[in-house]
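Heads up: the structure comes next, in structure tokens.
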Amino acid sequence: APPAREPGPHRSWAELGDRLRPWVAPADEAGAGLDREPFTTLPGQPPVAQAVHVPAGPGRGYTLLLLERGERSGRDLEERTLTTAAALLGMSAERELEARMRAAAEQRYGLLSEAGLDPVWLHDGVTVLDSNQAAAALLGITMQEMSGTPVFDLIPPSEAARIARRFAEGSTELIETTIVARSGEQIPIAVRSGVVGEGALRLRVVAGHDLRPERAAQKRLLEAYERQRGLLERAFEGIVVHRGGLVVWANRGFAELVGYPPEEVVGMMPSAVTTPEGAATIGRNIVAQHHEPYVVTGVRKDGSQFPMLIQGMECEWDGAPARITGFRDLTRQQREEATRRELERRVTQSQKLESLGVMAGGIAHDFNNLLVGVLANVDLVLDAVPQGGAASHSLRQIATAAQHAAELTEQLLAYAGQGRIELRPLPLLPLVRDTVGLMRASLPPRNPVHVEGDDDGCGGSCGTCTSDTQCN
């Protein structure tokens, strides 16, 4: 242990000897001449130096160099010599503290490197001197096998020259390279190195990071990115990505939709494929970041127009903000919608006709029952009046009209699906005359109707009718 009082400048050599004696080993005390008086060295002669061993604990010590340089004589020389000795002795304590701090730092560094997940190597430029467990595990060897391994046996020959040049330059920048494991696998790794020590003890510490997890993640991201782009490219609708008002990417569907070659689409404005009114709508929706679908009139390169549905939203594309927008031709959809509406109208009309037929069937039954009563009473009255008179003629017309009404009810029943249509040949001229006779009662006198024809001339084959009202 050092004495209570530290040595420092003293007025005499004897006083310095008393102070230094507790610091000096007994074997060196006699040779050091600690008790002799100050002496004088002639100018021009080499300096006189004495070495004294100073213990600093079990198995450790420092060498104190007492340097006497004869530059001047007398009192000045004594003060200079003693001051030099004391300064050298004081430095030994500082070096001991520095050594202790270095040992503690090395211990902490060792603990950190062993506990770390990343590999760490210590080498002298030729051979690996030490490493942590992570470095040995990365290469598939033990830590004992790692020590003594040539540094450049761990690096592929194609990388050796580049890494050696970077080491020679003293570079501390991050370097991406590969190392070779025992299995022969070349492992991508990022390393950063630094130099410790000086002179013959100059060593290089290399810390690495296994890049395989990052490379695998990058590969998965790239594959997902390519899959997404492939899906967008093969989409049936047109899809564009635009930034700053210009298209930066477009799929094949958009080029086919607007009739432009794919190379002309990139760089154009999305509003260039619509009318001026549609372009204004697109611009407002982009500024407002509108996400709901809307319809504008699209314009193809040949000038043809078509209804176009647009929907867009913000996204990130190639690391920068952008907007992705989908375009769809509504021509087919609107045509199908019109067809659907027409079918619905027809179905509704059919349902109405079906309801009307049901109603007509009911009316026809009731009306037919009324006609039966009318015809029966007409027949009774005809039997009671004289034949050939005006009354008889009027009654026959009533009977004829009632007969026609009965035939109409049969047609109503056939229309309603409750009867049948009978096809038979009819003489046309009598049918016309009967119909005109019924019409005269409702026509004004100034509109006479004349029927010309001869029953005998027609021979009964002037025309045929499927019924009294449907004639060919």
Fill in: Residues R300 and E256 bridged, charged N to O under 4.0 Å
no
Fill in: R243 with E316: basic N within carboxylate O range, under 4.0 Å
no
Using a distance-only test with no angle check, is there a side-chain donor-acceptor pair under 3.5 angstrom linking [X] and [Y]?
{"X": "T339", "Y": "R335", "result": "no"}
{"X": "E159", "Y": "T177", "result": "yes"}
{"X": "Q311", "Y": "H290", "result": "no"}
{"X": "Q351", "Y": "R346", "result": "no"}

Where is the tightest heavy-atom contact between [X] and [Y], given as atom of each residue plus distance?
{"X": "G298", "Y": "M308", "result": "CA-CE, 3.7 Å"}
{"X": "V265", "Y": "V247", "result": "O-CB, 3.7 Å"}
{"X": "F152", "Y": "A160", "result": "CE2-O, 3.6 Å"}
{"X": "F254", "Y": "N251", "result": "N-OD1, 3.0 Å"}
{"X": "W317", "Y": "V248", "result": "CD1-CG2, 4.3 Å"}
{"X": "L382", "Y": "Q387", "result": "O-NE2, 2.9 Å"}

Taking C-beta and beyond as the side chain, do [X] and [Y] meet within less than 4.5 Å on heavy atoms?
{"X": "L246", "Y": "M268", "result": "no"}
{"X": "L129", "Y": "W121", "result": "no"}
{"X": "Q289", "Y": "M313", "result": "no"}
{"X": "I310", "Y": "V296", "result": "yes"}
{"X": "V273", "Y": "V299", "result": "no"}
{"X": "T331", "Y": "P307", "result": "yes"}
{"X": "V295", "Y": "L330", "result": "yes"}
{"X": "E314", "Y": "P321", "result": "no"}

I need the [X] [atom1] to [Y] [atom2] distance, nearest 0.5 Å.
{"X": "W249", "Y": "I239", "atom1": "CH2", "atom2": "CD1", "answer": "6.0 Å"}
{"X": "L343", "Y": "S350", "atom1": "CG", "atom2": "OG", "answer": "12.0 Å"}
{"X": "F367", "Y": "T409", "atom1": "CZ", "atom2": "OG1", "answer": "7.5 Å"}
{"X": "T297", "Y": "Q305", "atom1": "OG1", "atom2": "CD", "answer": "6.0 Å"}
{"X": "D153", "Y": "L139", "atom1": "CG", "atom2": "CG", "answer": "11.5 Å"}
{"X": "I286", "Y": "R284", "atom1": "CD1", "atom2": "CZ", "answer": "11.5 Å"}

Short question: side chain of [X], backbone of [Y] - any donor-acceptor pair under 3.5 Å?
{"X": "T149", "Y": "M146", "value": "yes"}
{"X": "D379", "Y": "V374", "value": "no"}
{"X": "N368", "Y": "A364", "value": "no"}

With a 6.0 Å cut-off (strictly less than), is the heavy-atom count around [atom1] of [X], excluding the residue itself, greater than 12?
{"X": "R332", "atom1": "CZ", "result": "no"}
{"X": "R323", "atom1": "CZ", "result": "yes"}
{"X": "R252", "atom1": "CZ", "result": "no"}

Practice prompt. Could you please spell out the steps behind the side chain to side chain contact (heavy atoms under 4.5 Å, CB included) verdict for H242 and M269?
Written response: CA-CA 8 Å; H242 51 97; M269 300 177 63; over 6 Å; no
Worksheet entry | Passing option when R340 is tested against E336, E342, E344 for salt bridge (Lys or Arg N to Asp or Glu O under 4.0 Å) | E344
Worksheet item: So which of R204, R166, H123 actually passes side-chain hydrogen bond (donor to acceptor under 3.5 Å, both in side chains) with S193?
Response: R204
Worksheet item: Run the side chain to side chain contact (heavy atoms under 4.5 Å, CB included) check on V240 and I324 step by step: do they pass?
Response: CA-CA 6 Å; V240 302; I324 183 170; over 6 Å; no
Discussion item. Under the rule for side chain to side chain donor-acceptor pair (under 3.5 Å), what residues qualify as partners of H450, not counting sequence neighbours?
Written reply: none
Worksheet item: Got a sec, which residues hit side chain to side chain contact (heavy atoms under 4.5 Å, CB included) with Q186, two or more places apart in sequence or on another chain?
Response: P156, T178, V180
Worksheet item: Please walk me through it: do V128 and L154 pass side chain to side chain contact (heavy atoms under 4.5 Å, CB included)?
Response: CA-CA 10 Å; V128 175; L154 306 177; 4.1 Å; yes
Item to complete: Give the C-alpha distance, both sets of side-chain angles, the deciding distance and a yes or no for side chain to side chain contact (heavy atoms under 4.5 Å, CB included) between D210 and I189.
Response: CA-CA 5 Å; D210 187 359; I189 188 173; 5.6 Å; no
